[in-house]
Enquirer: 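Got a structure here, written out as structure tokens. Questions coming.
Index from 1, following the sequence. FYI, side chains are in, hydrogens and waters are out, and symmetry mates aren't considered; it's all heavy atoms of this structure.
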Amino acid sequence: MEQEDRDFIAFVRKVKDYSGIDLAQYKEAQMKRRLNTFYMKKGYDSFVAFFEGMMKNRELYYEFLDRMTINVSEFWRNPNRWEVLEKKFISEFARTSGRIKCWSAACSTGEEPYTLAMILAENGVLDHAQIMATDIDDGAMEKAKQGVYLERSVRDVPDHYLRKYFTHQDSFYKISDTLKKNIMYRKQNLLNDPFDSSFDLIVCRNVMIYFTEEAKHQLYHKFSRALKPGGLLFVGSTEQIFTPGQYELESVDTFFYQKKRSIV
């Protein structure tokens, strides 16, 4: 085994012991490439030296978390899929659920849960909904709670929503307090932590692609158990589930999977 491989294995073990984050469940080549570039930029010559540096510098550790969790998020990412959610499924939730329980998993800096909140508000059901948003990165969630975005971040927000749910201040757009108060943020490690249950809707998009096949398999089982019968899992455009039946799910539209209902 080459020294670099041994160095990375030691780094993965140290990170897991310290933080509970298991980098072995991420695609190794992809993760190693990202972190190798990062630690060299910071002036380190090995993964182990980089870990020792993080233990002495809290800001460096938080930067590592930000890099590792790959915080890429957009309002209305793949807008036609959000339109399907609104037109095909939200009205059904409103009709069959007294309170719509939603979860934005790996919410990053908040664009996804706020998109969901706007759609629920436009359909008159936000006050009858519960939106939980979770992420492993404290820094990303703090930005989400602040709800302040640069102009480039809102370029895909439909004009009507932009006028109604944002306040324009200088070069920033601030999200409406009405939306902010309806979202509950919580730190969570998807791979290790237990999930809540009885969700009508789970949105987890463009995150699973970074995990190994085994980790994805475990997560789909966990998501399925977290859904109520008839509940919906909404995934990203590169995350199609090819055999949803093994997770007690069935495809009901492109990138939408429904938890099978019990047959009485």
Side-chain angles (χ1 to χ4, degrees), residues 1-74 77 103-113 132-150 152-153 183-195 204-219 222 236 238-239:
M1 185 184 296
E2 295 183 5
Q3 179 59 39
E4 184 181 349
D5 292 331
R6 290 194 294 269
D7 185 52
F8 183 70
I9 290 170
F11 177 78
V12 168
R13 186 185 68 251
K14 289 173 181 287
V15 168
K16 184 176 182 180
D17 290 344
Y18 179 75
S19 68
I21 298 168
D22 188 359
L23 296 180
Q25 294 187 292
Y26 291 76
K27 291 178 180 176
E28 181 177 324
Q30 194 175 56
M31 180 59 63
K32 188 185 289 186
R33 185 168 58 250
R34 288 182 66 87
L35 295 181
N36 190 286
T37 302
F38 180 60
Y39 80 61
M40 290 178 67
K41 182 180 177 181
K42 293 296 180 179
Y44 295 92
D45 60 4
S46 70
F47 280 106
V48 170
F50 175 50
F51 180 83
E52 291 171 356
M54 289 195 298
M55 295 302 95
K56 298 173 183 175
N57 183 340
R58 199 69 179 167
E59 287 302 313
L60 181 62
Y61 175 65
Y62 287 134
E63 280 191 73
F64 154 72
L65 284 181
D66 189 59
R67 180 60 60 97
M68 185 277 297
T69 51
I70 315 166
N71 290 314
V72 177
S73 186
E74 301 170 18
R77 189 169 189 170
W103 174 22
S104 173
C107 68
S108 186
T109 47
E111 290 90 339
E112 183 177 276
M132 182 176 74
T134 66
D135 202 273
I136 199 171
D137 186 340
D138 288 311
M141 281 198 297
E142 190 55 40
K143 291 177 183 177
K145 291 174 186 177
Q146 292 170 3
V148 178
Y149 299 92
L150 292 171
R152 66 172 181 268
S153 299
I183 300 175
M184 176 181 65
Y185 289 95
R186 193 172 78 195
K187 184 171 183 176
Q188 183 182 55
N189 183 330
L190 285 178
L191 295 169
N192 292 351
D193 294 342
F195 292 176
C204 186
R205 311 186 70 224
N206 308 298
V207 175
M208 305 289 280
I209 55 173
Y210 301 111
F211 296 134
T212 64
E213 290 303 313
E214 182 181 354
K216 285 192 283 189
H217 181 67
Q218 293 171 0
L219 275 173
K222 290 177 73 175
T238 58
E239 298 167 331

Enquirer: Would you confirm whether Gln218, through its side chain, and Ala215, through its main-chain N or O, come within 3.5 Å as a donor-acceptor pair?
Expert: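 Not confirmed, Gln218 side chain does not pair with Ala215 backbone.
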Enquirer: Does any non-hydrogen side-chain atom of Thr212 lie less than 4.5 Å from one of Tyr26?
Expert: no
Enquirer: Quick check: do Phe11 and Leu35 have side-chain heavy atoms less than 4.5 Å from each other?
Expert: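 Sidechains of Leu35 and Phe11: in contact.
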Enquirer: Check this for me, if you would: do Asp5 and Lys32 make a salt bridge, where the nitrogen-to-carboxylate-oxygen distance has to be below 4.0 angstrom?
Expert: yes
Enquirer: Might you confirm whether atom CZ of Arg152 has over 12 heavy atoms from other residues, nucleotides or ligands at distances under 6.0 Å?
Expert: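 Counting neighbours around CZ of Arg152, 12 or fewer heavy atoms of other residues, nucleotides or ligands fall under 6.0 Å, so no.
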Enquirer: Decide yes or no for Gln25 and Asp22: does some side-chain heavy atom of the first lie under 4.5 Å from some side-chain heavy atom of the second?
Expert: yes
Enquirer: Take a 6.0 Å sphere around NZ of Lys27 and say whether it holds more than 12 heavy atoms from other residues, nucleotides or ligands.
Expert: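 More than 12 heavy atoms, drawn from other residues, nucleotides or ligands, come within 6.0 Å of this atom.
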Enquirer: Under a 4.5 Å cut-off applied to non-hydrogen side-chain atoms, are Tyr185 and Pro113 in contact?
Expert: yes
Enquirer: Can you give each donor-acceptor pair under 3.5 Å made by side-chain atoms of residues 43-52, sequence neighbours left out, with the distance rounded to 0.1 Å?
Expert:
from: Ser46; atom 1: OG; to: Ala49; atom 2: N; distance (Å): 3.1

Enquirer: Just by distance, with hydrogens left out, do Ser104 and Glu112 show a side-chain donor and acceptor under 3.5 Å apart?
Expert: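 Yes, because at least one side-chain N or O of Ser104 sits under 3.5 Å from a partner of the opposite role on Glu112.
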Enquirer: Thinking salt bridges, do Asp138 and Lys187 make one under a 4.0 Å N-O criterion?
Expert: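 Judged by the 4.0 Å cut-off on N to carboxylate O distance, Asp138 and Lys187 do form a salt bridge.
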Enquirer: Compare all side-chain heavy atoms of Val15 with those of Arg13 and state whether any distance is below 4.5 angstrom.
Expert: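 Val15 vs Arg13: side chains apart.
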Enquirer: With distance as the sole test, does Gln188 use its side chain to make a donor-acceptor pair with the main-chain N or O of Pro194 at under 3.5 Å?
Expert: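 Such a contact is found between Gln188 side chain and Pro194 backbone.
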Enquirer: Does Met40 CE have over 12 foreign heavy atoms under 6.0 Å away?
Expert: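 It does not: Met40 CE has 12 such atoms or fewer within range.
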Enquirer: With a sphere of 6.0 Å drawn around NZ of Lys222, does it hold more than 12 non-hydrogen atoms of other residues, nucleotides or ligands?
Expert: yes
Enquirer: To check you understand the geometry: which heavy-atom pair defines the closest contact between Ala24 and Val12, and what is its length?
Expert: N-CG1, 3.9 Å
Enquirer: If you round to the nearest 0.5 Å, how far is SG of Cys107 from CZ of Arg205?
Expert: 14.5 Å
Enquirer: Between atom CG of Asn206 and atom OG of Ser108, what is the distance when rounded to the nearest 0.5 Å?
Expert: 10.5 Å
Enquirer: What distance separates Asp135 CG from Leu190 CG, expressed to the nearest 0.5 Å?
Expert: 8.0 Å
Enquirer: Is a donor on one side and an acceptor on the other found under 3.5 Å between the side chain of Asp193 and the backbone of Asn189?
Expert: yes
Enquirer: Would you give the length of the straight line joining atom CG of Leu60 to atom CE of Met55, rounded to the nearest 0.5 angstrom?
Expert: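 So the CG of Leu60 and the CE of Met55 are separated by 8.5 Å.
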Enquirer: Do the side chain of Lys143 and the main chain of Val148 share a donor and acceptor less than 3.5 angstrom apart?
Expert: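 Judged by distance alone, no pair lies under 3.5 Å.
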Enquirer: Can you tell me how far apart CD (Glu111) and CD (Glu74) are? Round to the nearest 0.5 Å.
Expert: 8.0 Å
Enquirer: With a 4.5 Å heavy-atom cut-off, do Met208 and Leu219 have their side chains touching?
Expert: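 They are in contact (side-chain heavy atoms under 4.5 Å apart), so the answer is yes.
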Enquirer: To the nearest 0.5 Å, how far apart are CZ in Phe211 and CD in Gln30?
Expert: 11.0 Å
Enquirer: Within the structure provided, determine whether Met54 and Tyr18 are in side-chain contact (heavy-atom separation under 4.5 Å).
Expert: no
Enquirer: Is the shortest distance from a Lys or Arg side-chain nitrogen in Lys42 or Glu63 to a carboxylate oxygen in the other one below 4.0 Å?
Expert: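 Yes.
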